[in-house]
Novice: 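Below is a structure I'd like to ask you about.
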Amino acid sequence: EAAIRSRDVAMAKLLVQQIRGRKAVAAAIGDALGDFDGRIAQSEGDSDGALAAWKPVTERREQYYRTRAELAYVAAALNAKKMEEKEAIERLDRLRFAWRGDGFENEGLEALGQTASEADDYETAHTAFREAAKLAGTGPVADDAHARLVAMFHTLFIGGAADALPPLRALALFHSMRDLAPTGPD
């Protein structure tokens, strides 16, 4: 995992190959190897290979690597235009309840918020960014989530995107985001 995070693809491939040579170990950590295969393929620019490696891991019961593979799978499938935004939002929303309590939870919320925002699903984006900011407490992660909320408010209510929404939906969004309204001349 460290070799993958540091983008040392050659070392990651070597380590995965060595682990696969030990059948008992490979069988015990098959989900991890599937996730690693996906990350290695993605690092090499092989999105189809990454999706193929992650797909079976997303369908297993082992929580740690399944949730990580699911997040990576959804992101890669969206980038490759092999998944609709609506499906991605549904899968990312389910992921919120699959893994709780560490930085990965915030990664999932960020992905959900960003995907929902791009799909004009402002309610889901708002909820995801609020939850990310709340979970992060204080610091750069919370600041980033709050900045995204402020930018979304600005886009909707100062930039005029809310004008295209049904009035009741726009009003409900404004009400839920009113604390983000600028105090200055905007």
Novice: Nearest 0.5 Å, what's the CG-CZ distance between Asp93 and Arg91?
Specialist: 13.0 Å
Novice: Parallel, tilted or perpendicular: which describes the rings of Phe153 and Phe174, with under 30° parallel and over 60° perpendicular?
Specialist: tilted
Novice: If two hydrophobic side chains count as joined below 4.5 Å and joins carry through other members, does Leu109 share a cluster with Leu95?
Specialist: no
Novice: Find out whether Glu70 and Trp54 are in side-chain contact, i.e. whether some heavy atom of one side chain is under 4.5 Å from a heavy atom of the other.
Specialist: no
Novice: Quick one, Met177 with Leu156, criterion side-chain contact (heavy atoms from CB on, under 4.5 Å). Give me CA distance, side-chain angles, the key distance, then yes/no.
Specialist: CA-CA 10 Å; Met177 300 174 83; Leu156 284 166; 4.1 Å; yes
Novice: State the CG-CD distance between Leu112 and Glu90, to the nearest 0.5 angstrom.
Specialist: 11.0 Å
Novice: Is it the case that Glu110 and Gln114 place a side-chain donor and acceptor less than 3.5 Å from each other?
Specialist: no
Novice: Say you draw a straight line from OG1 of Thr58 to CG of Leu51; how long is it, rounded to the nearest 0.5 Å?
Specialist: 10.0 Å
Novice: Applying side-chain hydrogen bond (donor to acceptor under 3.5 Å, both in side chains), name anything that partners Glu44, two or more places apart in sequence or on another chain.
Specialist: Lys13
Novice: For the atom pair CD1 (Ile89) and CZ (Arg94), what is the distance rounded to the nearest 0.5 Å?
Specialist: 12.0 Å
Novice: With a 4.5 Å cut-off on side-chain heavy atoms, are Pro182 and Ile158 touching?
Specialist: yes
Novice: Do Arg96 and Thr127 have side chains that get closer than 4.5 Å, going by heavy atoms?
Specialist: yes
Novice: With sequence neighbours left out, what residues match Tyr122 under side-chain hydrogen bond (donor to acceptor under 3.5 Å, both in side chains)?
Specialist: Asp120
Novice: Within a 6.0 Å radius of atom CD on Glu85, are there more than 12 heavy atoms belonging to other residues, nucleotides or ligands?
Specialist: yes
Novice: Listed by chain and number, what are the ring pair (Phe, Tyr, Trp, His ring centres under 6.0 Å) partners of Tyr64, not counting sequence neighbours?
Specialist: Trp99
Novice: Glu123: what forms a side-chain hydrogen bond (donor to acceptor under 3.5 Å, both in side chains) with it, not counting sequence neighbours?
Specialist: Arg169
Novice: Test Gln42 against Ser47 for side-chain contact (heavy atoms from CB on, under 4.5 Å), laying out the working first.
Specialist: CA-CA 6 Å; Gln42 184 181 42; Ser47 65; over 6 Å; no
Novice: Check whether any side-chain heavy atom of Val74 lies under 4.5 Å from a side-chain heavy atom of Glu87, and answer yes or no.
Specialist: no
Novice: Output yes when a side-chain donor or acceptor of Glu62 lies under 3.5 Å from a complementary backbone atom of Tyr65, and no otherwise.
Specialist: yes
Novice: Let's go through Leu180 and His146 carefully: what are the C-alpha distance in whole Å and the side-chain angles of both, what is the deciding distance for side-chain contact (heavy atoms from CB on, under 4.5 Å) to 0.1 Å, and is it a yes or a no?
Specialist: CA-CA 9 Å; Leu180 300 168; His146 184 46; 3.3 Å; yes
Novice: Any carboxylate oxygen within less than 4.0 angstrom of a Lys/Arg side-chain nitrogen, looking at Arg130 and Asp179?
Specialist: yes
Novice: Look at Asp121 together with Lys86 and state whether they make a salt bridge at an N to O cut-off of under 4.0 Å.
Specialist: no
Novice: Cation-pi check for Phe104 against Arg68: NZ or CZ below 6.0 Å from the six-membered ring centre and within 45 degrees of the axis, yes or no?
Specialist: yes
Novice: Of all the heavy-atom pairs spanning Ala162 and Ala170, show the shortest one and how long it is.
Specialist: O-CB, 3.9 Å
Novice: Taking all non-hydrogen atoms of both residues, which atom of Ser117 and which atom of Ala125 are closest, and how far apart?
Specialist: N-CB, 3.7 Å
Novice: Can you tell me how far CG of Leu149 sits from NE2 of His154, rounded to the nearest 0.5 angstrom?
Specialist: 14.5 Å
Novice: Side-chain atoms of residues 136-145: list all donor-acceptor pairs with protein atoms under 3.5 Å, sequence neighbours left out, distances to 0.1 Å.
Specialist:
unit_1, atom_1, unit_2, atom_2, d
Asp144, OD2, Arg148, NE, 3.2

Novice: Take atom CD of Glu59 as the centre, draw a 6.0 Å sphere, and report whether it contains more than 12 heavy atoms from other residues, nucleotides or ligands.
Specialist: yes
Novice: I need the minimum non-hydrogen distance between Val57 and Asp35, along with the two atoms involved.
Specialist: CG2-N, 3.9 Å
Novice: Taking side-chain hydrogen bond (donor to acceptor under 3.5 Å, both in side chains) as the definition, give me every residue that meets it alongside Arg66, ordered by chain and number, with sequence neighbours left out.
Specialist: Gln63
